[in-house]
Amino acid sequence: FGKSTIMQKKETAIEVKVGALVLFSLALLTAFVLILGDFSFNDGLEFHVQFDNAAGLKPGADVAIAGITVGSVSSLKFIRNENTAESNLHAVAVQVTLRLNPTYQDSVRRNSKFYITTRGLLGEPYIEIATASFDAQPVAAGDILRGVDPPRMELIVAKASELLDIVVDMLDDPDIDTSELVTSTTYFMKNVGGLVGENRENLDASIDNLRITTEQANQLLATFNTVLGDGQQVRAILGDAQTATRSARNIAGKLDNRFDPLMEDATAALSSTRKITDSAERILVGREAQIGSAVDNLHTSSESLVTIAKDGEQIVTKIAAGEGTVGALLADREIYEDMKELLRIIKQQPWKILWKE
(Lines give C-alpha, C1' and ligand atoms only; values in the text may rest on other atoms or scores of the structure.)
Protein backbone atom coordinates (compact mmCIF):
# COMPACT_ATOMS: atom_id res chain seq x y z
CA PHE A 1 0.00 0.00 0.00
CA GLY A 2 2.82 2.41 0.80
CA LYS A 3 4.67 1.73 -2.44
CA SER A 4 1.55 2.42 -4.59
CA THR A 5 0.98 5.78 -2.85
CA ILE A 6 4.55 6.83 -3.52
CA MET A 7 4.20 5.83 -7.18
CA GLN A 8 1.00 7.86 -7.54
CA LYS A 9 2.71 10.93 -6.05
CA LYS A 10 5.61 10.61 -8.48
CA GLU A 11 3.24 10.30 -11.44
CA THR A 12 1.30 13.38 -10.27
CA ALA A 13 4.51 15.41 -9.94
CA ILE A 14 5.57 14.43 -13.47
CA GLU A 15 2.17 15.43 -14.89
CA VAL A 16 2.36 18.81 -13.13
CA LYS A 17 5.83 19.42 -14.51
CA VAL A 18 4.75 18.44 -18.03
CA GLY A 19 1.69 20.73 -17.82
CA ALA A 20 3.78 23.64 -16.57
CA LEU A 21 6.28 23.08 -19.37
CA VAL A 22 3.46 23.05 -21.96
CA LEU A 23 1.94 26.28 -20.56
CA PHE A 24 5.35 27.98 -20.52
CA SER A 25 5.96 26.91 -24.14
CA LEU A 26 2.57 28.27 -25.20
CA ALA A 27 3.22 31.58 -23.44
CA LEU A 28 6.67 31.82 -25.04
CA LEU A 29 5.20 31.03 -28.47
CA THR A 30 2.51 33.68 -28.03
CA ALA A 31 5.13 36.25 -27.03
CA PHE A 32 7.24 35.44 -30.10
CA VAL A 33 4.19 35.75 -32.36
CA LEU A 34 3.27 39.12 -30.88
CA ILE A 35 6.83 40.42 -31.14
CA LEU A 36 7.57 39.13 -34.63
CA GLY A 37 4.13 40.05 -35.93
CA ASP A 38 4.38 43.56 -34.49
CA PHE A 39 0.91 43.31 -33.00
CA SER A 40 -0.43 46.35 -31.22
CA PHE A 41 -3.46 46.71 -29.00
CA ASN A 42 -3.75 50.38 -29.92
CA ASP A 43 -6.42 51.01 -32.61
CA GLY A 44 -4.35 53.79 -34.21
CA LEU A 45 -5.38 56.43 -36.73
CA GLU A 46 -6.62 55.09 -40.08
CA PHE A 47 -6.65 57.09 -43.31
CA HIS A 48 -6.37 56.26 -47.02
CA VAL A 49 -3.82 56.91 -49.76
CA GLN A 50 -4.55 56.26 -53.44
CA PHE A 51 -1.99 55.03 -56.00
CA ASP A 52 -2.15 54.00 -59.64
CA ASN A 53 -0.15 50.87 -58.83
CA ALA A 54 0.54 49.02 -55.55
CA ALA A 55 4.06 47.97 -56.73
CA GLY A 56 4.04 44.76 -54.68
CA LEU A 57 2.81 46.41 -51.47
CA LYS A 58 1.01 43.98 -49.15
CA PRO A 59 -1.12 44.28 -46.00
CA GLY A 60 1.06 44.41 -42.92
CA ALA A 61 3.83 46.38 -44.65
CA ASP A 62 5.53 49.10 -42.64
CA VAL A 63 4.70 52.80 -42.73
CA ALA A 64 7.75 54.92 -41.89
CA ILE A 65 8.66 58.55 -41.34
CA ALA A 66 12.34 59.43 -41.80
CA GLY A 67 13.11 55.71 -41.83
CA ILE A 68 11.38 55.01 -38.47
CA THR A 69 8.36 52.71 -38.44
CA VAL A 70 5.28 54.58 -37.20
CA GLY A 71 2.47 52.34 -38.47
CA SER A 72 1.46 49.65 -40.89
CA VAL A 73 -0.66 48.95 -43.97
CA SER A 74 -4.09 47.66 -42.92
CA SER A 75 -5.58 46.75 -46.29
CA LEU A 76 -5.52 47.31 -50.04
CA LYS A 77 -8.51 47.45 -52.36
CA PHE A 78 -9.27 48.29 -55.98
CA ILE A 79 -11.19 51.47 -56.69
CA ARG A 80 -13.05 52.50 -59.82
CA ASN A 81 -12.26 56.03 -60.97
CA GLU A 82 -14.94 57.54 -63.16
CA ASN A 83 -13.33 60.98 -63.55
CA THR A 84 -9.67 60.45 -64.43
CA ALA A 85 -9.04 64.12 -65.32
CA GLU A 86 -9.87 65.64 -61.93
CA SER A 87 -8.50 62.90 -59.67
CA ASN A 88 -5.27 62.34 -61.68
CA LEU A 89 -5.76 58.60 -61.30
CA HIS A 90 -6.18 55.77 -63.76
CA ALA A 91 -9.59 54.29 -64.34
CA VAL A 92 -8.63 51.38 -62.07
CA ALA A 93 -6.46 52.30 -59.09
CA VAL A 94 -5.68 51.00 -55.63
CA GLN A 95 -6.54 52.52 -52.27
CA VAL A 96 -4.19 51.72 -49.40
CA THR A 97 -5.48 52.02 -45.83
CA LEU A 98 -2.78 53.08 -43.39
CA ARG A 99 -2.89 52.64 -39.63
CA LEU A 100 -0.75 55.27 -37.94
CA ASN A 101 0.34 55.49 -34.34
CA PRO A 102 -1.53 58.54 -32.93
CA THR A 103 1.73 59.73 -31.37
CA TYR A 104 3.01 60.62 -34.85
CA GLN A 105 -0.24 62.13 -36.16
CA ASP A 106 1.08 65.69 -36.01
CA SER A 107 4.04 64.72 -38.24
CA VAL A 108 1.75 63.70 -41.12
CA ARG A 109 0.04 66.61 -42.89
CA ARG A 110 -2.37 66.84 -45.79
CA ASN A 111 0.46 68.06 -48.03
CA SER A 112 2.80 65.18 -47.09
CA LYS A 113 4.20 62.94 -49.84
CA PHE A 114 3.59 59.17 -49.74
CA TYR A 115 6.10 56.95 -51.57
CA ILE A 116 6.13 53.18 -52.13
CA THR A 117 9.78 52.15 -51.80
CA THR A 118 11.97 49.33 -50.49
CA ARG A 119 14.75 49.01 -47.93
CA GLY A 120 17.59 47.97 -50.20
CA LEU A 121 17.37 46.39 -53.64
CA LEU A 122 15.61 43.20 -52.54
CA GLY A 123 13.72 44.52 -49.50
CA GLU A 124 9.97 44.29 -48.98
CA PRO A 125 7.96 47.29 -50.23
CA TYR A 126 6.77 49.75 -47.60
CA ILE A 127 5.38 53.31 -47.50
CA GLU A 128 7.66 56.21 -46.67
CA ILE A 129 6.03 59.50 -45.62
CA ALA A 130 7.87 62.79 -46.32
CA THR A 131 6.61 66.01 -44.71
CA ALA A 132 8.27 69.14 -46.12
CA SER A 133 6.45 71.72 -43.97
CA PHE A 134 3.77 72.04 -41.31
CA ASP A 135 1.70 74.62 -43.19
CA ALA A 136 -1.19 72.22 -43.88
CA GLN A 137 -3.58 70.64 -41.38
CA PRO A 138 -2.66 67.34 -39.68
CA VAL A 139 -4.13 64.23 -41.26
CA ALA A 140 -7.42 63.10 -39.71
CA ALA A 141 -9.18 59.76 -39.52
CA GLY A 142 -10.84 58.79 -42.82
CA ASP A 143 -8.93 61.29 -44.98
CA ILE A 144 -8.26 60.25 -48.59
CA LEU A 145 -4.92 61.51 -49.90
CA ARG A 146 -3.02 61.12 -53.17
CA GLY A 147 0.26 59.23 -53.17
CA VAL A 148 3.29 59.47 -55.46
CA ASP A 149 3.06 56.66 -57.99
CA PRO A 150 6.10 54.32 -57.99
CA PRO A 151 8.06 53.85 -61.20
CA ARG A 152 6.90 50.78 -63.11
CA MET A 153 9.86 48.81 -64.44
CA GLU A 154 7.72 46.94 -66.97
CA LEU A 155 6.68 50.24 -68.56
CA ILE A 156 10.28 51.46 -68.64
CA VAL A 157 11.43 48.21 -70.25
CA ALA A 158 8.57 48.40 -72.76
CA LYS A 159 9.49 51.97 -73.74
CA ALA A 160 13.16 51.02 -74.07
CA SER A 161 12.18 48.04 -76.24
CA GLU A 162 10.09 50.30 -78.48
CA LEU A 163 13.02 52.73 -78.82
CA LEU A 164 15.39 49.90 -79.75
CA ASP A 165 12.88 48.64 -82.31
CA ILE A 166 12.74 52.09 -83.89
CA VAL A 167 16.54 52.29 -84.04
CA VAL A 168 16.78 48.81 -85.58
CA ASP A 169 14.12 49.68 -88.15
CA MET A 170 16.04 52.84 -89.08
CA LEU A 171 19.25 50.87 -89.52
CA ASP A 172 17.52 48.18 -91.57
CA ASP A 173 15.76 50.71 -93.79
CA PRO A 174 17.30 50.45 -97.30
CA ASP A 175 16.51 54.12 -97.98
CA ILE A 176 18.87 55.21 -95.20
CA ASP A 177 22.58 54.96 -95.93
CA THR A 178 24.17 53.99 -92.63
CA SER A 179 27.68 54.82 -93.79
CA GLU A 180 26.55 58.26 -94.95
CA LEU A 181 24.85 58.85 -91.60
CA VAL A 182 28.06 57.95 -89.76
CA THR A 183 30.15 60.12 -92.11
CA SER A 184 27.82 63.09 -91.60
CA THR A 185 27.95 62.63 -87.86
CA THR A 186 31.76 62.49 -87.93
CA TYR A 187 31.94 65.59 -90.13
CA PHE A 188 29.61 67.43 -87.80
CA MET A 189 31.70 66.54 -84.75
CA LYS A 190 34.90 67.67 -86.53
CA ASN A 191 33.33 71.01 -87.41
CA VAL A 192 32.17 71.46 -83.85
CA GLY A 193 35.67 70.64 -82.56
CA GLY A 194 37.26 73.10 -85.00
CA LEU A 195 34.80 75.82 -84.09
CA VAL A 196 35.55 75.32 -80.39
CA GLY A 197 39.31 75.40 -81.07
CA GLU A 198 39.11 78.61 -83.12
CA ASN A 199 37.00 80.41 -80.49
CA ARG A 200 38.75 79.01 -77.45
CA GLU A 201 39.77 82.45 -76.18
CA ASN A 202 36.25 83.77 -76.53
CA LEU A 203 34.87 80.71 -74.81
CA ASP A 204 37.40 81.09 -71.98
CA ALA A 205 36.43 84.77 -71.61
CA SER A 206 32.74 83.82 -71.55
CA ILE A 207 33.42 81.18 -68.91
CA ASP A 208 35.39 83.73 -66.84
CA ASN A 209 32.54 86.24 -67.16
CA LEU A 210 30.11 83.56 -66.09
CA ARG A 211 32.31 82.72 -63.10
CA ILE A 212 32.56 86.40 -62.11
CA THR A 213 28.81 86.80 -62.47
CA THR A 214 28.26 83.75 -60.29
CA GLU A 215 30.62 85.13 -57.63
CA GLN A 216 28.84 88.48 -57.70
CA ALA A 217 25.50 86.73 -57.39
CA ASN A 218 26.81 84.78 -54.40
CA GLN A 219 28.04 88.03 -52.81
CA LEU A 220 24.66 89.64 -53.45
CA LEU A 221 22.86 86.68 -51.88
CA ALA A 222 25.22 86.82 -48.89
CA THR A 223 24.44 90.53 -48.51
CA PHE A 224 20.73 89.77 -48.64
CA ASN A 225 21.16 87.09 -46.00
CA THR A 226 23.12 89.50 -43.79
CA VAL A 227 20.54 92.24 -44.17
CA LEU A 228 17.51 90.02 -43.77
CA GLY A 229 18.97 87.85 -41.00
CA ASP A 230 16.36 85.45 -39.72
CA GLY A 231 13.60 87.40 -41.41
CA GLN A 232 12.36 89.16 -38.27
CA GLN A 233 12.62 92.60 -39.88
CA VAL A 234 10.83 91.47 -43.02
CA ARG A 235 8.11 89.80 -40.95
CA ALA A 236 7.79 92.98 -38.86
CA ILE A 237 7.47 95.11 -42.00
CA LEU A 238 4.88 92.73 -43.44
CA GLY A 239 3.04 92.74 -40.11
CA ASP A 240 2.99 96.56 -40.09
CA ALA A 241 1.76 96.57 -43.68
CA GLN A 242 -1.01 94.14 -42.81
CA THR A 243 -1.97 96.26 -39.79
CA ALA A 244 -2.04 99.40 -41.93
CA THR A 245 -4.12 97.59 -44.53
CA ARG A 246 -6.61 96.45 -41.90
CA SER A 247 -6.78 100.00 -40.48
CA ALA A 248 -7.33 101.45 -43.94
CA ARG A 249 -10.03 98.85 -44.58
CA ASN A 250 -11.75 99.73 -41.29
CA ILE A 251 -11.55 103.47 -42.05
CA ALA A 252 -12.90 102.84 -45.55
CA GLY A 253 -15.76 100.81 -44.06
CA LYS A 254 -16.60 103.57 -41.58
CA LEU A 255 -16.41 106.24 -44.28
CA ASP A 256 -18.57 104.10 -46.50
CA ASN A 257 -21.19 103.87 -43.74
CA ARG A 258 -21.10 107.64 -43.21
CA PHE A 259 -20.74 108.66 -46.83
CA ASP A 260 -24.43 108.37 -47.68
CA PRO A 261 -25.61 110.60 -44.75
CA LEU A 262 -22.89 113.14 -45.64
CA MET A 263 -24.03 113.14 -49.27
CA GLU A 264 -27.65 113.62 -48.14
CA ASP A 265 -26.62 116.55 -45.90
CA ALA A 266 -24.55 118.06 -48.72
CA THR A 267 -27.48 117.67 -51.12
CA ALA A 268 -29.82 119.35 -48.61
CA ALA A 269 -27.29 122.19 -48.09
CA LEU A 270 -26.97 122.71 -51.85
CA SER A 271 -30.75 122.74 -52.17
CA SER A 272 -31.03 125.37 -49.38
CA THR A 273 -28.27 127.44 -51.00
CA ARG A 274 -30.10 127.26 -54.31
CA LYS A 275 -33.33 128.43 -52.64
CA ILE A 276 -31.51 131.33 -50.93
CA THR A 277 -29.92 132.31 -54.24
CA ASP A 278 -33.30 132.23 -55.99
CA SER A 279 -34.85 134.37 -53.21
CA ALA A 280 -32.00 136.89 -53.35
CA GLU A 281 -32.32 137.06 -57.12
CA ARG A 282 -36.08 137.71 -56.86
CA ILE A 283 -35.42 140.47 -54.27
CA LEU A 284 -32.64 142.20 -56.24
CA VAL A 285 -34.02 142.00 -59.77
CA GLY A 286 -35.84 145.26 -60.66
CA ARG A 287 -34.89 147.05 -57.42
CA GLU A 288 -31.47 148.36 -58.31
CA ALA A 289 -32.63 152.05 -58.02
CA GLN A 290 -34.12 151.47 -54.56
CA ILE A 291 -30.96 149.67 -53.39
CA GLY A 292 -28.83 152.59 -54.73
CA SER A 293 -31.01 155.12 -52.93
CA ALA A 294 -30.78 153.12 -49.70
CA VAL A 295 -27.00 153.05 -50.03
CA ASP A 296 -26.94 156.85 -50.55
CA ASN A 297 -29.18 157.35 -47.51
CA LEU A 298 -26.89 155.12 -45.49
CA HIS A 299 -23.91 157.18 -46.62
CA THR A 300 -25.68 160.43 -45.63
CA SER A 301 -26.62 158.96 -42.26
CA SER A 302 -23.01 157.92 -41.73
CA GLU A 303 -21.82 161.50 -42.44
CA SER A 304 -24.41 162.85 -39.98
CA LEU A 305 -23.21 160.47 -37.32
CA VAL A 306 -19.64 161.57 -37.92
CA THR A 307 -20.71 165.24 -37.51
CA ILE A 308 -22.63 164.45 -34.31
CA ALA A 309 -19.60 162.56 -32.97
CA LYS A 310 -17.37 165.56 -33.68
CA ASP A 311 -19.82 167.94 -31.94
CA GLY A 312 -20.01 165.63 -28.92
CA GLU A 313 -16.22 165.53 -28.80
CA GLN A 314 -16.08 169.36 -28.77
CA ILE A 315 -18.69 169.51 -25.96
CA VAL A 316 -16.77 166.99 -23.88
CA THR A 317 -13.56 168.96 -24.48
CA LYS A 318 -15.20 172.22 -23.28
CA ILE A 319 -16.65 170.51 -20.20
CA ALA A 320 -13.25 169.07 -19.37
CA ALA A 321 -11.79 172.58 -19.76
CA GLY A 322 -14.32 174.02 -17.26
CA GLU A 323 -16.32 175.99 -19.77
CA GLY A 324 -20.08 176.38 -19.28
CA THR A 325 -22.24 175.55 -16.29
CA VAL A 326 -21.56 171.83 -16.34
CA GLY A 327 -17.86 172.44 -16.78
CA ALA A 328 -17.80 174.92 -13.94
CA LEU A 329 -19.62 172.46 -11.68
CA LEU A 330 -17.17 169.73 -12.54
CA ALA A 331 -14.08 171.92 -12.38
CA ASP A 332 -14.87 173.95 -9.15
CA ARG A 333 -13.83 171.86 -6.11
CA GLU A 334 -15.64 174.14 -3.63
CA ILE A 335 -18.99 173.62 -5.29
CA TYR A 336 -18.32 169.88 -5.16
CA GLU A 337 -17.62 170.08 -1.39
CA ASP A 338 -20.75 172.22 -0.78
CA MET A 339 -22.90 169.70 -2.67
CA LYS A 340 -21.37 166.90 -0.70
CA GLU A 341 -22.04 168.72 2.65
CA LEU A 342 -25.63 169.50 1.58
CA LEU A 343 -26.32 165.86 0.77
CA ARG A 344 -24.85 164.81 4.15
CA ILE A 345 -27.10 167.23 6.02
CA ILE A 346 -30.18 166.16 4.06
CA LYS A 347 -29.37 162.54 4.78
CA GLN A 348 -28.93 163.13 8.57
CA GLN A 349 -31.61 165.88 9.12
CA PRO A 350 -34.14 165.70 6.25
CA TRP A 351 -36.67 167.93 8.10
CA LYS A 352 -34.51 170.96 7.47
CA ILE A 353 -35.74 170.95 3.92
CA LEU A 354 -39.27 171.88 5.16
CA TRP A 355 -38.48 174.34 8.00
CA LYS A 356 -35.60 176.01 9.60
CA GLU A 357 -34.86 175.88 13.30
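If you're wondering where the values come from, they're calculated on a predicted model, not measured in any experiment. All values below come from the heavy atoms of this structure, side chains included, with hydrogens, waters and symmetry mates left out.
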Exercise. If Ile, Leu, Val, Met, Phe, Trp and Tyr residues are connected whenever their side-chain heavy atoms lie under 4.5 Å apart, and connections chain through other members, are Tyr115 and Leu76 in the same group?
Worked result: no

For this session: Show the numbers, then the answer: is there a side-chain contact (heavy atoms from CB on, under 4.5 Å) between Phe114 and Val108?
Result: CA-CA 10 Å; Phe114 299 86; Val108 182; 4.0 Å; yes

Problem set entry | Pairing residues for Thr97 by the side-chain contact (heavy atoms from CB on, under 4.5 Å) criterion, not counting sequence neighbours | Glu46, His48, Ser74, Ser75

For this session: Any pair with a residue in residues 115-132 that passes salt bridge (Lys or Arg N to Asp or Glu O under 4.0 Å), sequence neighbours left out, goes on the list, sorted by first then second residue, please.
Result: Asp62-Arg119

For this session: Ignoring hydrogens and angles, tell me if any N or O in the side chain of Asp149 forms a donor-acceptor pair with the backbone of Asp52 under 3.5 Å.
Result: yes

Problem set entry | Nearest atoms (heavy-atom pairs only) where Asn111 meets Ser133 | ND2-OG, 3.5 Å

Seminar exercise, completed: In terms of heavy-atom contacts, Ile129 and Ser112 come closest through CG2-CB, 4.1 Å

Exercise. Is there side-chain contact between Pro150 and Thr117, with heavy atoms separated by less than 4.5 Å?
Worked result: no

For this session: Quick one: list whatever passes side-chain contact (heavy atoms from CB on, under 4.5 Å) with Ser25, sequence neighbours left out.
Result: Leu21

For this session: Looking only at non-hydrogen atoms, find the nearest pair between Ser72 and Gly60 and report the distance.
Result: CB-O, 4.4 Å

Problem set entry | Heavy-atom side-chain proximity of Val63 to Val73 below 4.5 angstrom | yes

Problem set entry | Contact list for residues 100-113, test salt bridge (Lys or Arg N to Asp or Glu O under 4.0 Å), sequence neighbours left out | Asp106-Arg109, Arg110-Asp143

For this session: To the nearest 0.5 angstrom, please state how far the CG atom of Leu45 sits from the CG atom of Leu100.
Result: 6.0 Å

Problem set entry | same_hphob_cluster(Tyr126, Val49) at 4.5 Å side-chain heavy-atom cutoff | no

Problem set entry | Neighbour count above 12 (heavy atom, 6.0 Å) for Ile68 CD1 | no

Problem set entry | Joint hydrophobic cluster, Val18 plus Leu26, side-chain heavy atoms closer than 4.5 Å | yes

Exercise. Excluding sequence neighbours, so at least two apart, what forms side chain to side chain donor-acceptor pair (under 3.5 Å) with Tyr104?
Worked result: none

Exercise. Going from CG on Leu98 to CD1 on Ile127, what distance comes out if it is rounded to the nearest 0.5 angstrom?
Worked result: 4.5 Å

Problem set entry | side-chain contact (heavy atoms from CB on, under 4.5 Å) partners of Lys77, counting only residues at least two apart | Ile79, Gln95

For this session: Provide the closest heavy-atom pair for Ala54 versus Ile116 in the form atom of the first, atom of the second, distance.
Result: O-CD1, 3.5 Å

